[in-house]
Amino acid sequence: MKRVFSGVQPTGNIHIGNYLGALKQFVELQDDNECFYCIVDEHAITVPQDPKELKKHILDVAALYIAIGIDPKKSVVFVQSQVPAHAELGWILTCVSNTGELFRMTQFKAKSHGQESVGTGLLTYPALMAADILLYDTDIVPVGNDQKQHIELTRDLAIRVNNRYGKTFVVPDGRFLKTGARIMALDDPTAKMSKSAVNEMSRISLLDEPSKIKKAIMRATTDSEGSVRFDIENKPGISNLLSIYSAFSGTPIEELERQYEGHGYGDFKKDLVEITVNALNPIRERFQEIRYSQELVDSLRDGAERADAIAVKTMERVRDRLGMGI
Ligand code: ATP
Ligand code: LTN
């Protein structure tokens, strides 16, 4: 059995980009692998968070994990700050990394751009992400395309430690989907769909009501050509909608192109609304059932204990290799 690890930040409403790029893979992987799915609250505080909102978002993400089909009995579902080893290994890997490689990360550049004051944690963020992954001797990390550079750095840090101190870490691989790995904003198909974009119509959240889903899709930016064809360069809007349609329905994009030959964008969008609403309805219903249940809190406590048992062992090995402690 392979080890799988991934994390989602509790920073807002999870959208279909998060789902189709990463979370959908979490569910697919849990039957044949030993999976760890984390809610990374220590990453969330790299930018200021309102404490009440953060607590709410942690439980929202946990409930969504379960609502999409992650079984907390099979997979280990837990909150990062409940397992102290993440912060500890994060510090050690911060010391192994160079400022140059951290300054080169595009996520750091994007999030710090134009800010008057930039938190140090925003820069050292990828070392903590590497710690998350390496703590569990992870083989596979299912994530969206935007995390490629962070996974590469994680591999570099693992190899660096192994070369310097002897075999300490498993070197993990990223797992990226062919369709869905980069869902773009509905109002601007040149930008990635994001939780933090100001325009609500730029994204579809997993908990959106059908009326909001319809509005966002029917208003989505397309082009004036009017033919349903995949062409990222010249037709980024309709190409993005084709990716979403294909990822939700499982129908290959080429088949969708054939199916909609001679049809306008209106017909295509109407069907996409239906497909999206049908995919999200059961998730929203299940979410409501569990979000305020004791069962949710209990499964997070159980998850943290199971994760901690493994993380503590890894830390003993790491301290020993590096000559730390007595
Ligand atoms: P956002 O930019 O939406 O605020 P994020 O990337 O900052 O999200 P997370 O919530 O931690 O932070 O992301 C969870 C997962 O979703 C990651 O694996 C990430 O790669 C993936 N992801 C985020 N946005 C997209 C997108 N637009 N398309 C595909 N995958 C995405
Ligand atoms: N950096 C990721 C979230 C994240 C993560 C991880 C993903 C933190 N730790 C470990 C995979 C594995 C993001 O911003 N989406």
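Atoms within each ligand, like the ligands themselves, are counted from 1 in listed order.
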- May I ask you to identify the nearest protein heavy atom to atom 1 (P) of ligand 1, giving residue, atom name and distance to one decimal place in Å? Lys195 N, 3.6 Å
- Message: Looking only at side-chain N and O atoms, does Asp60 offer a donor or acceptor that is under 3.5 Å from a partner on His57?
- Response: no
- Task: Pick one of side chain, backbone, both or neither for how Asp146 approaches ligand 1, counting any non-hydrogen atom pair under 4.0 Å.
- Result: side chain
- Task: Select one of side chain, backbone, both or neither to describe which atoms of Val141 lie under 4.0 Å from any atom of ligand 2, heavy atoms only.
- Result: side chain
- Item | Asp137/Arg317 salt bridge by N-O under 4.0 Å criterion | yes
- Between Tyr165 and Arg321, which heavy-atom pair has the shortest distance, and what is it? O-CD, 3.5 Å
- For Asn281 and Arg284, does a side-chain donor sit closer than 3.5 Å to a side-chain acceptor? yes
- Task: Decide yes or no on salt bridge (Lys or Arg N to Asp or Glu O under 4.0 Å) for Arg306 and Asp302, but give the supporting numbers first.
- Result: CA-CA 6 Å; Arg306 288 154 72 197; Asp302 175 61; 3.2 Å; yes
- Do Asn18 and Leu206 come close enough that some side-chain heavy atom pair is under 4.5 Å? no
- Task: Check each atom of ligand 1 against the heavy atoms of Gly21 and keep those under 4.0 Å away; list them by number with element.
- Result: 29 (C), 30 (N)
- Give yes if a backbone or side-chain nitrogen or oxygen of Asp132 is under 3.5 Å from a nitrogen or oxygen of ligand 2, and no if not. yes
- Query: Is ligand 1 under 4.0 Å from a heavy atom in the side chain of Ser194, in the backbone, in both, or in neither?
  - Reply: both
- Message: Please list the nearest protein heavy atom to atom 1 (N) of ligand 2 with its residue and the distance rounded to 0.1 Å.
- Response: Tyr125 OH, 2.7 Å
- Can you find a side-chain donor-acceptor pair between Ser211 and Glu209 that sits under 3.5 Å? no
- With a 4.0 Å cut-off, would you call Arg219 and Asp187 a salt bridge? no
- Where's the contact between Val143 and ligand 2, heavy-atom distance under 4.0 Å: side chain, backbone, both or neither? side chain
- In plain terms, say whether Arg286 and Glu289 are close enough for a salt bridge, that is, a side-chain N and a carboxylate O under 4.0 Å apart. yes
- Please state whether His15 comes within less than 4.0 angstrom of ligand 1, counting heavy atoms only. yes
- Query: For atom 18 (O) of ligand 1, what's the nearest protein heavy atom and its distance?
  - Reply: Gly144 N, 3.2 Å
- Query: Looking at Val8, which atoms of ligand 1 are within less than 4.0 Å of one of its heavy atoms?
  - Reply: 10 (O), 11 (O), 14 (C)
- Item | Polar atom proximity, Asp146 to ligand 2 (N or O, under 3.5 Å) | no
- Query: ligand 1 versus Gln9, non-hydrogen atoms closer than 4.0 Å: side chain, backbone, both, neither?
  - Reply: both
- Note on the structure: Among Met129, Glu42, Gln147, the residue with a heavy atom nearest to atom 15 (N) of ligand 2 is Gln147
- Query: Under 4.0 Å from any heavy atom of Phe5, which atoms of ligand 2 are there?
  - Reply: 10 (C), 12 (C)
- Task: Report yes if the side chains of Arg203 and Asn13 come closer than 4.5 Å at any heavy-atom pair, otherwise no.
- Result: no
- Task: Consider every N or O of Ser196 and every N or O of ligand 1, then say whether any pair is closer than 3.5 Å.
- Result: no
- Task: Would you mind listing which atoms of ligand 2 come within a distance below 4.0 Å of any non-hydrogen atom of Val40?
- Result: 8 (C), 9 (N)
- Task: Determine whether any heavy atom of Pro142 lies closer than 4.0 Å to an atom of ligand 1.
- Result: no
- Contacting atoms of ligand 2, where contact means under 4.0 angstrom from a heavy atom of Ser6: 11 (C), 12 (C)
- Task: Report yes if Ala22 has an N/O atom closer than 3.5 Å to an N/O atom of ligand 1; otherwise report no.
- Result: no
- Task: Give a yes-or-no answer on whether the side chains of Asp132 and Gln80 include a donor-acceptor pair shorter than 3.5 Å.
- Result: yes
- Task: Could you tell me which non-hydrogen atom of Tyr265 sits nearest to which non-hydrogen atom of Glu225, and how far apart they are?
- Result: OH-C, 4.3 Å
- Sub-3.5 Å N/O-N/O distance, Gly7 and ligand 1: no
- Which part of Ile133 is near ligand 2, with near meaning a heavy atom under 4.0 Å away: side chain, backbone, both or neither? side chain
- Query: Any idea which atoms of ligand 1 are less than 4.0 Å away from a heavy-atom of Ala181?
  - Reply: 28 (N), 29 (C), 30 (N)
- Shortest reach to atom 8 (O) of ligand 1 by a heavy atom, considering only Ile39, Val143, Ile183, Asn18: Asn18
- Item | Min side-chain heavy-atom separation Met201-Lys212 under 4.5 Å | yes
- Message: I want to know whether His150 and Phe108 have ring centres closer than 6.0 Å.
- Response: no
- At what distance is the nearest protein heavy atom to atom 30 (N) of ligand 1, and which residue and atom is it? Gly17 O, 3.1 Å
- Item | Polar contact flag for Lys192 and ligand 1 (N/O pairs, less than 3.5 Å) | yes
- Note on the structure: Taking every heavy atom of Val76 against every heavy atom of Gly303, the minimum-distance pair comes out as CG1-O, 3.2 Å
- Message: Does ligand 1 come near enough to Gln147 that some N or O of the ligand is less than 3.5 Å from an N or O of the residue?
- Response: no
